[in-house]
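Since the structure comes first, as structure tokens, the remarks are kept for the end.
Computed over heavy atoms, backbone and side chain alike; hydrogens, waters and symmetry mates excluded. Since the model is a prediction, treat every value here as computed from it, not as a measurement.
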Amino acid sequence: MHICVLGQGYVGLPLAVRAAEAGHTVTGYEPDPTRCEALAAGSSYVEDIPSSRLQAVSASGAYRATSDPQDLKGFDVAVITVPTPLTDRAPDLSCVRDAGRALAQWIEPGATVVLESTTHPGTTRDVLVPLLEEGSGLVAGRDFHVGFSPERIDPGNADWRLENTPKIVAGMTEGCLARVKEFYDSVTDVTVPASGLEEAELAKVFENTYRHVNIALVNELSRMAHTLGVDVWHTLELAATKPFGFTKFLPGPGVGGHCLPIDPVYLSHHVKARHGQTFRLIELAQDINESQPDYVVRRLQDALSRRFRRSVSGARILALGAAYKPGTSDARQSPAVEVTDRLRAMGADVTVVDPYLPVTDGSCREIPFTATEQRVRVADFDAVVLLTPHDEFDLARLADEAAYVLDTRGVMAAAPHIERL
């Protein structure tokens, strides 16, 4: 089949490459000219897709990147994987609408359009379908097929990838579901049919809401444990020995990425806007997790004052990690960036080290901090804050050389000069 994937980011590029490897002819639509040029040159900017895989499907003719909407013509299946951010704390579906308009003129009878972008229930039916029908002059569910299949990409996860993660599939009609399932059966190991579009949309935002709420719970627990003088990390290890009824979540500097800071807001905002009801647990979790970077800064400030009789202002601080999770360059909504921004606003001299992020705006310096690279003199800093525990960081050396470390991820052994959040 001719597959068009709109958006070639962390979700769209893995899907496009996998579809090409599965035998489809794939057009990867990417309106960002810089990204499109990189893809055309065989250079992948997504860690989960090595450039070698991209080059292989490009060389075979199975994959082609483009920024020209004309190249969407003649598709059998089009999958929308564009961002759904928040703008002024409200859901922003402008990219979904733009993608729908770009596709509508090229829809032919029998074609299939699938939305993968995370959103609130009702988006596919109430927002996307009218745009597709208006632009094509065809009727969804009768002349062409429409579906929703929520993305479950976890950047940097080598165990659970696109092909072996169960894929929820939904269709506007039974016929639509059959066509959507047929496509995803060709690129994934397991598909899970949903009874309707809205159930699949709600399942996705609930998956992330579940994590968001539980992370907020352990973040607040860590604050209370610190006040009580109790080791929260050991407490969580003890609780995790229970073989039933408990799932271990860990504290951290906050939540990041495209999903957790955003997706639950889509659900709570939609419920409030449509029905005037408040999803109180989501809003409370949002408050806790959003305040976590401030808590990290306060802990560092207290440590500097207590240990060295100095303030954050003028202190030299080494911040390890800027991405929101280990093993990836994804810094979207990263709490690590928020922590360093707050420290700089307070007058600290902050050096940020992240082996996955290039120098762009000066906020991150390419200074390797590994066992073989000794270009960072840890002893030159008043304090170190470990924000993202990339495998490349030499934690043993850090423990030996640092005057003080605030470990926000609980990966280092506690010591007189090492505090865990």
| query | After noting the C-alpha distance and the side-chain angles of Ser136 and Gln105, does the key distance pass the side chain to side chain donor-acceptor pair (under 3.5 Å) rule? | reply | CA-CA 5 Å; Ser136 67; Gln105 60 183 315; over 6 Å; no
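- A salt bridge does not link Arg299 with Asp302: none of the charged nitrogens is closer than 4.0 Å to a carboxylate oxygen.
- Under the 4.5 Å side-chain criterion, counting only non-hydrogen atoms from C-beta, Leu138 is in contact with Pro109.
- A salt bridge links Arg342 to Asp294: one of the charged nitrogens lies within less than 4.0 Å of a carboxylate oxygen.
- A heavy-atom distance below 4.5 Å is not found between the side chains of Val57 and Val26.
- Ring geometry, His24 versus Phe183: the interplanar angle falls from 30° to 60°, so the pair is classed tilted.
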| request: Might you work through the side chain to side chain contact (heavy atoms under 4.5 Å, CB included) test for Leu103 and Leu72, ending with a clear yes or no? | output: CA-CA 7 Å; Leu103 276 176; Leu72 300 174; 4.2 Å; yes
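- Stacking of Arg211 on the aromatic ring of Phe249 is not recorded, the 6.0 Å distance cut-off and the 45° axial limit not both being met.
- Residues Phe144 and Glu133 form a side-chain contact, since some pair of their non-hydrogen atoms from C-beta on lies under 4.5 Å apart.
- For the salt bridge (charged side-chain N to carboxylate O under 4.0 Å, His left out) criterion with Lys325, the lone passing option out of Asp354, Asp330, Asp154 is Asp154.
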| request: Start with the C-alpha distance between Trp160 and Arg152, add both sets of side-chain angles, then the distance that settles side chain to side chain contact (heavy atoms under 4.5 Å, CB included), and finish with yes or no. | output: CA-CA 9 Å; Trp160 292 104; Arg152 281 175 163 172; over 6 Å; no
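- Of the N and O atoms on the side chains of Tyr404 and Glu419, at least one donor lies less than 3.5 Å from an acceptor on the other residue.
- Distance alone, capped at 3.5 Å, is enough to place a donor-acceptor pair between the Trp233 side chain and the Leu421 backbone.
- Within the 4.5 Å cutoff, side-chain heavy atoms of Lys248 are placed close to those of Glu237.
- Glu30 contributes no side-chain N or O that, together with a main-chain N or O of Gly7, makes up a donor-acceptor pair within less than 3.5 Å.
- A side-chain donor-acceptor contact under 3.5 Å links Thr124 and Glu201.
- Asp92 and Ser94 are linked by a side-chain donor-acceptor pair at a separation below 3.5 angstrom, with hydrogens and angles left out of the test.
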| message | Between Asp349 and Arg344, does the salt bridge (Lys or Arg N to Asp or Glu O under 4.0 Å) criterion hold? Intermediate values first, please. | response | CA-CA 6 Å; Asp349 178 10; Arg344 284 179 172 140; over 6 Å; no
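- Annotation: side chain of Leu132 is in contact with side chain of Val113 (closest heavy-atom distance under 4.5 Å).
- In summary, Asp71 and Arg64 engage in a salt bridge, as defined by a charged side-chain N under 4.0 Å from a carboxylate O.
- At a threshold of 4.0 Å, the pair Glu108-Lys73 does not count as salt-bridged, since none of the basic side-chain nitrogens sits closer than that to a carboxylate oxygen.
- With respect to Arg53 and Glu21, a salt bridge is recorded, a charged nitrogen being found less than 4.0 Å from a carboxylate O.
- Residues Arg179 and Thr173 have side chains that never bring a donor and an acceptor to within less than 3.5 angstrom of each other.
- For the pair Asp185 and Lys167, the salt-bridge criterion is not met [side-chain N within less than 4.0 Å of a carboxylate O].
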